[in-house]
**Student:** 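Once you've had a glance at the structure underneath, I'll fire off some questions.
All residue numbers in this chain count up from 1 along the given sequence.
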Amino acid sequence: MDASLVLFLLAGTTTARWADSKQSNALNSFLQTQKHSSKLKLTRHRARMLETTNSTRWSMPTIKILEPVEDLLVAGIEKLRKHGRKGDITYLKDYEGMLFTTEIEIGSPPKTFTVVPDTGSSNLWVMADGCPDCEEPNCLADSEISGPDCKPVLSESFPCHNLYNRVESTTAVRINTSLGAHETFSIQYGSGDTSGVLTKDTVKMGNYVIENQAFGEAQRGQTFSRMPFDGICGLAFQSLAVRHTKPVFDNILDAQDFLQLPSKPDEASSYAADARYSCFSFFLSNDECKAQSHLHLGNFDRDCYAKDENLHFVPLSSKTYWAFTVKSITVENTEGDATEEKIPEKQSVQQQDKVQEGETLLKKAEEVFTKLRKIYPNMLPPKHVSPEVFKTARNKSSMSLCKGCTAIADSGTSLIAGPSGIIGKFHEKLGIGQDGFVECEAELPDVNVVLENEHGVDRTFTLTKKDYILRLDAGKGTERCVSGFMRMDMEDFWIFGDVFMRKFYSVFDYGNARVGFATANSDGC
C-alpha cells in the first residue's frame, strides 16, 4: 500500500492520492480534521481543535511524522486500512454522560443541526425559524461557551440554536394533507413535547445523503430550549413514527446496497469489517480524553468491546422500540441482606388504592427528576411509553427486580428506568434515599442482568457500583453520589439508557431484528 500512497503536507495544505478512491477520500477527510492537532478539545457545545506549533513532514515512499501527532495519525491511517470508510463513523459530543449529540445537515445549501441520535423514538425533527419559544432570550453562541479540555462543564448559560428555514432551501417541499393544508405533527417525550409541520428536504448524516427525507419543523419547543441540541433523530422503527414518516436509517437502507449481518459475525468468515450491513452501533465513552463516543452506521467495531467476548444478540420482542425480553434482573447479596426475597410490587399495590398509590409514586419520580435536572441540566428522562405497544410482549415480574420483563435499549434516555414500586424497594434495600442520593462510600452490590440470545444461551451482564452510581461535583472539592436507576410510571417495563449502554457496547441489527451487547473497552477503540 505504501507505494500507492503519496502524501504532501505543505503550508497547512494536505492532499492524498490512493489506489482505492474510497480510501483516498476517507484518508483526506481524516487528515483534514486532524492536521492541526493531536488532541480533540470537547467544550460544552462544540468540539474544537487545539492549535499546535508542531511540524509534520512526509517523505516518499515511506511516511515520516514528527511527534506528538505521530500516534494519532498512524492510528487513524491503520483504522482506515481496516475499515475503509471513515465517514460511516459519526462522532458524538458527550454532555456530562447524560446526553450525546451528533451533527446532521439539512437543505440546499446545507445547514448544520445538532441532534440527539435516539433509539427510543422514530421521528426526525429540528427547531424551525419563527418558533416563538425555541430560543432562550439570553442564549449564547457556541463560541461563547467553553470548558476544560475533554471534560464537559455545567453552566448557567444556555446555547443558541440553529433554526431551519424552509424558504432558504431549494430542495424543501411541504407535506400537505389531502385538503392542501400543511401536515402537522405532535410528539410526546419523557422530557416534554414538541409540535409543528412536516416537510421533505435533503438530509445528510455521516456520509449518507437522503433526498426527500420527511421531518418535522418544530414550531413549539420550550421543553428543549435550554438543551444543547436543535432536534432529535429517531432511530427506532417506522411503526412507532408519528404520521408514519420513514426514519432516516430506513431511508439510508433503501438507498444503499447494505448486506445482512451474519448470525454470528464474530465467528463468520463471510463478515467483513469494511462492508456495510443493515445495522448501526454505539460506543459511549466513560472517558472522552481516552476515546471519543461515536455512532457507527452500517457496521460495528470489533475493537470496541472485550477481546474475550463475542456479541450477544437478543431477538426483538417488538419492532417498535428496540424492545427485547430480559430473563432476569437480580441484585447480589450484600452483608447478609439477601435480595432473593420477593420484592412487593403490583400485587401489594392492587390491595390498596391503586390510583392514589400510582399518583404518589409518580410524584416522587418527578421530584427526583427535578432535583437531578438542577444538577444535570442535560439529563434526558425516560420515555412515556404506551402499554398498548407491548400488550403482546409484556410479562409479570415476580422475583428480584424482574423476571421475563420487557426492556428497550434507548440512547435517548440518560439513566436506567424501571417500575416505580420496584425501583423504590430496590433503593430502600440498598440504603439509597427516595431522592436517589446515597453515601459515596457505601458498599453496594452488583446488579446482574441476564439476557437470552437467539440460540437460547444466557449471558449475565453485570453492573457494578461504579457503573450505576453517578458521582456529582458538589463544589469545593466535594462529591455527591446518586443512583443511575430511576423510577418510571410503567409496570413490568424497563428502559436501558446511557448508564447501561456505556458499560456495554451496543449493536442495533435492523436486518436481523435483534440487538447485541458486549462489555465495552474502557480504554476505547
Side-chain angles (χ1 to χ4, degrees), residues 119-121 188-191 236 239-240 314-331 339-369 380-410 412-430 432 434-436 447-452 461 463 468 483-497 499-500 515:
T119 60
S121 67
Q188 178 71 47
Y189 296 94
S191 49
S239 58
L240 189 66
V314 184
L316 298 185
S317 58
S318 170
K319 290 181 70 172
T320 48
Y321 299 93
W322 289 87
F324 50 92
T325 298
V326 179
K327 194 164 188 179
S328 67
I329 304 176
T330 58
V331 184
T339 59
E340 292 181 355
E341 64 183 88
K342 302 291 190 295
I343 294 182
E345 39 176 312
K346 67 179 183 181
Q347 288 81 4
S348 61
V349 171
Q350 289 172 345
Q351 297 169 4
Q352 305 172 22
D353 186 333
K354 190 170 183 178
V355 175
Q356 181 179 356
E357 180 74 11
E359 290 176 349
T360 300
L361 292 173
L362 182 58
K363 183 178 179 181
K364 288 180 179 178
E366 291 175 344
E367 289 174 352
V368 171
F369 174 68
L380 292 177
K383 303 288 189 297
H384 285 304
V385 181
S386 170
E388 294 300 311
V389 173
F390 298 106
K391 61 183 178 182
T392 61
R394 296 167 61 225
N395 298 286
K396 290 185 177 181
S397 300
S398 57
M399 293 181 63
S400 299
L401 301 186
C402 142
K403 185 177 182 181
C405 55
T406 297
I408 65 173
D410 184 5
T413 293
S414 299
L415 308 182
I416 296 174
S420 293
I422 294 176
I423 297 297
K425 293 294 182 180
F426 165 67
H427 280 171
E428 181 181 357
K429 185 172 289 294
L430 270 59
I432 297 173
Q434 289 190 351
D435 58 1
V447 176
N448 295 320
V449 177
V450 178
L451 301 177
E452 181 181 316
F461 295 83
L463 294 164
Y468 69 83
S483 172
F485 286 86
M486 185 176 181
R487 291 171 171 165
M488 176 177 60
D489 189 31
M490 184 83 174
E491 293 180 349
D492 309 323
F493 180 77
W494 292 71
I495 297 179
F496 290 176
V499 166
F500 187 86
V515 59

**Student:** CG/D410 to OG/S121 distance, rounded to the nearest 0.5 angstrom?
**Tutor:** 7.5 Å
**Student:** Over all heavy atoms of both residues, which pair between A407 and V326 is shortest? Give the atoms and the distance, please.
**Tutor:** CB-CG2, 3.5 Å
**Student:** Would a distance-only check, ignoring hydrogens and angles, find a side-chain to backbone donor-acceptor pair under 3.5 Å from S420 to M488?
**Tutor:** yes
**Student:** Does the plane of the ring in F426 sit parallel, tilted or perpendicular to the ring in Y468? Use 30° and 60° as the thresholds.
**Tutor:** tilted
**Student:** Out of L430, D435, I432, V499, which one pairs with S483 under the side chain to side chain contact (heavy atoms under 4.5 Å, CB included) rule?
**Tutor:** I432
**Student:** Which heavy atom of I422 sits nearest a heavy atom of L401, and at what distance?
**Tutor:** CD1-O, 3.4 Å
**Student:** Please enumerate all residues that pass salt bridge (Lys or Arg N to Asp or Glu O under 4.0 Å) together with K327, with sequence neighbours excluded.
**Tutor:** E452, D458
**Student:** Please report the interatomic distance CG(N448) to OG1(T330), rounded to the nearest 0.5 Å.
**Tutor:** 4.5 Å
**Student:** Mind checking the CD1-OG1 spacing from I495 to T406? Nearest 0.5 Å is all I need.
**Tutor:** 12.0 Å
**Student:** Any chance you could lay out the side chain to side chain donor-acceptor pair (under 3.5 Å) test for T320 and S318, step after step, and finish with the verdict?
**Tutor:** CA-CA 6 Å; T320 48; S318 170; 2.6 Å; yes
**Student:** Angle class for the W494/F485 ring planes (parallel below 30°, perpendicular above 60°, tilted otherwise)?
**Tutor:** perpendicular
**Student:** So, taking the atom named CD1 in I329 and the one named CD1 in I416, what distance separates them when rounded to the nearest 0.5 Å?
**Tutor:** 8.0 Å
**Student:** Looking at K319, is its backbone amide N or carbonyl O close enough to the side chain of S239 to form a donor-acceptor pair, meaning the two atoms are under 3.5 Å apart?
**Tutor:** yes
**Student:** Heavy atoms, side chains only, cut-off 4.5 Å: are F324 and F496 in contact?
**Tutor:** yes
